[in-house]
Amino acid sequence: MPELPEVECIVRDLRECLTGKLIRRMDFMFFQMLRGVKPDDFRRKICGKIISQVKRRGKYILIFLSGDTVLEIHLRMTGRLLYHSVPFSPGKYTGVIFYLQNEEQLHFEDIRKFGTFTIYEKGEQLRSFFLGPDPVEDEFFSEELFLKILEKRPHSTIKSFLLDQKNIAGLGNIYTDESLFMAGIHPSRKVNNLTTEEKKYLFEAVCQTLKEGICSRGTSFSDYRDLWGNEGEFQKKLKVYRRVGEPCVRCRGTVERKVVAGRGTYICPSCQPL
DNA sequence: AGCTGTACCTGCAGGC
DNA sequence: TGCCTGCAGGTACAGC
């Protein structure tokens with residue numbers, strides 16, 4: 001579900017709502033999200049701690065707690081975090097409730113139960129540390145760096161390159177297809193037969209698409225909701241994603257769907273020639 | 001190196 | 001109405 005823009009919106013709101021607050025206790029409805037830790041141990045490591053910072057790296061949410069503990073959350077396809085200022089009953093898909101100060105609660109919901117929680121103690125290396133640069137978070141992410149990373153993967157198709165979080169952190173299926181459309185590049189093209197000009201267009205397209213996604217508060221075509229349960233707006237601005245059969249906004253040709261890198265992929269064949 | 005298929009889960013839309 | 005199939009925003013892993 002959420003890609004970089006959606007996670008960024010959630011993180012900004014979490015930062016606003018949670019910074020400085022105490023986690024009093026927590027309840028589990030299911031605990032498949034826990035990675036390498038049992039529910040009781042998890043509870044012991046979290047409860048009684050203060051939330052000091054909330055950050056993001058790619059699609060990971062990082063919640064820093066007092067005592068050098070970090071909770072790393074990945075929402076995968078259908079995970080949601082929802083804030084309630086007053087007590088709220090768990091729904092069918094609620095997996096965890098964090099009870100904060102006063103009456104506040106943070107709920108984790110996940111229909112497909114793919115989401116993950118990993119806990120790190122002092123000095124342990126976060127999984128998200130091993131990702132490529134984050135186009136929004138990292139000031140050093142530049143056109144020059146983008147070109148350099150592309151050179152390391154000459155035989156990859158450009159779509160699988162963009163989806164691989166070890167290259168660039170944060171793009172998923174939606175923003176990849178939208179960026180490739182904006183740059184006029186077919187997703188099956190090999191990295192090493194893109195021209196330098198095309199690579200530069202793509203750099204701009206990636207940065208701009210992600211920024212617009214954030215400004216529109218993310219894409220909700222079905223599952224994504226922000227911390228308050230509200231939908232984003234970017235689904236109204238998508239140019240190719242899930243628009244199969246509809247006219248291309250640029251050339252009035254027809255948007256097509258095909259499978260590239262094992263994923264449903266949307267293109268305008270005339271704007272993005274092979 | 002890079003691709004494909006499979007697995008993890010549940011819901012939903014479409015065809016019959 | 002009901003059953004079946006395929007699809008879904010992500011990632012990890014086995015195998016070619």
Side-chain angles (χ1 to χ4, degrees), chain A residues 1-10 29-36 56-61 72-81 91-95 108-118 126-132 134 149-181 187-193 209-210 212-214 216-226 231-245 256-266:
Chain A
M1 147 196 160
E3 306 180 27
L4 187 153
E6 291 75 29
V7 179
E8 177 65 19
C9 292
I10 293 170
M29 278 80 245
F30 61 83
F31 42 83
Q32 280 148 287
M33 74 296 285
L34 297 184
R35 283 291 176 276
R56 180 185 61 72
R57 175 127 202 98
K59 301 172 196 167
Y60 287 90
I61 297 164
E72 187 184 56
I73 298 177
H74 198 302
L75 300 172
R76 297 284 182 109
M77 301 280 258
T78 53
R80 283 180 188 170
L81 288 171
K92 188 177 173 188
Y93 307 111
T94 307
F108 170 73
E109 299 184 352
D110 195 353
I111 293 174
R112 291 175 73 178
K113 300 192 175 85
F114 290 167
T116 62
F117 284 19
T118 312
L126 273 58
R127 177 179 290 271
S128 51
F129 179 86
F130 297 96
L131 304 177
D134 182 308
I149 300 168
L150 278 165
E151 272 173 36
K152 289 198 240 173
R153 291 278 174 286
H155 306 299
S156 173
T157 65
I158 190 60
K159 172 133 181 173
S160 45
F161 173 88
L162 292 173
L163 286 173
D164 189 339
Q165 306 296 299
K166 291 192 286 303
N167 297 325
I168 310 288
L171 288 166
N173 212 25
I174 298 176
Y175 293 95
T176 295
D177 282 5
E178 292 295 308
S179 299
L180 287 168
F181 172 77
S188 299
R189 302 259 314 271
K190 297 280 187 200
V191 167
N192 64 0
N193 64 42
T209 306
L210 292 173
E212 286 177 15
I214 295 169
S216 302
R217 293 199 55 83
T219 308
S220 301
F221 68 77
S222 60
D223 292 311
Y224 170 69
R225 296 295 181 277
D226 71 9
E231 295 189 1
E233 302 284 327
F234 200 62
Q235 63 279 7
K236 298 170 188 166
K237 299 175 187 169
L238 296 172
K239 298 187 173 68
V240 283
Y241 190 81
R242 289 260 181 133
R243 292 192 62 244
V244 61
E256 291 181 4
R257 179 188 187 276
K258 52 185 293 183
V259 175
V260 180
R263 313 291 301 276
T265 298
Y266 299 86

Rounded to the Å, how far apart are [X] [atom1] and [N] [atom2]?
X: I73(A); N: dG10(C); atom1: CD1; atom2: P; value: 18 Å
X: E3(A); N: dA8(C); atom1: CD; atom2: P; value: 13 Å
X: R242(A); N: dC7(C); atom1: CZ; atom2: P; value: 11 Å
X: R80(A); N: dG11(B); atom1: CZ; atom2: P; value: 13 Å
X: D223(A); N: dC9(B); atom1: CG; atom2: P; value: 17 Å
X: L131(A); N: dG10(C); atom1: CG; atom2: P; value: 14 Å
X: L162(A); N: dG2(B); atom1: CG; atom2: C1'; value: 15 Å
X: E109(A); N: dC9(B); atom1: CD; atom2: P; value: 19 Å

May I ask you to say what [X] touches in the nucleic acid, namely base, sugar-phosphate or nothing, with a heavy-atom cut-off under 4.0 Å?
X: R35(A); value: nothing
X: Y175(A); value: nothing
X: G264(A); value: sugar-phosphate
X: Y224(A); value: base
X: D110(A); value: nothing
X: E6(A); value: nothing

Between [X] and [Y], which heavy-atom pair has the shortest distance, and what is it?
X: C9(A); Y: G218(A); answer: SG-N, 4.3 Å
X: K59(A); Y: L4(A); answer: CG-N, 4.2 Å
X: R57(A); Y: D134(A); answer: C-OD2, 3.8 Å
X: T94(A); Y: G91(A); answer: OG1-N, 2.7 Å

Looking at dC9(B) and F114(A): do their rings stack (centroid distance under 5.5 Å, interplanar angle under 30°)?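 Check failed, F114(A) does not stack on base of dC9(B).
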
[N] and [M]: how far apart are their [atom1] atoms, nearest whole angstrom?
N: dG2(C); M: dC9(B); atom1: C1'; result: 23 Å
N: dC8(B); M: dC3(C); atom1: P; result: 24 Å
N: dC7(C); M: dT4(B); atom1: P; result: 15 Å

Any donor-acceptor pair under 3.5 Å linking the side chain of [X] with the backbone of [Y]?
X: E178(A); Y: K239(A); answer: yes
X: E212(A); Y: T209(A); answer: no
X: N173(A); Y: G264(A); answer: yes

Check: Y241(A) ring centre within less than 6.0 Å of F234(A) ring centre: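 Not under 6.0 Å, so no.
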
Using a 3.5 Å cut-off on both pairing distances, which stems of three or more Watson-Crick or G-U pairs include DNA chain C?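 As far as DNA chain C goes, consecutive pairing (with distances under 3.5 Å) yields the stems B:2-8 with C:10-16, B:10-16 with C:2-8.
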
Among [options], which nucleotide sits nearest the side chain of [X]?
X: Y93(A); options: dT10(B), dA8(C), dC9(B); value: dT10(B)
X: R112(A); options: dA8(C), dG10(C), dG11(B); value: dA8(C)
X: K190(A); options: dC9(B), dC3(B), dG11(B); value: dC3(B)

Strand-adjacent residues in residues 150-160 of chain A, judged by heavy atoms under 4.0 Å from DNA chain C: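 Those residues: none at all.
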
Are the side chains of [Y] and [X] in contact, using a 4.5 Å heavy-atom criterion?
X: L162(A); Y: Y175(A); result: no
X: L210(A); Y: E3(A); result: no
X: T118(A); Y: Y60(A); result: no

More than 12 heavy atoms from other groups under 6.0 Å of CZ on R257(A):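 Yes, enclosed.
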
Give a yes or no on this: more than 12 heavy atoms of other residues, nucleotides or ligands lie within 6.0 Å of atom CZ of F129(A).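 Atom CZ in F129(A) is not crowded, with 12 or fewer foreign heavy atoms closer than 6.0 Å.
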
Protein-to-nucleotide contact annotation, 5' to 3' order, nucleotides 11-16 of chain C [B base; S sugar-phosphate only; - none; under 4.0 Å, heavy atom]: BS----

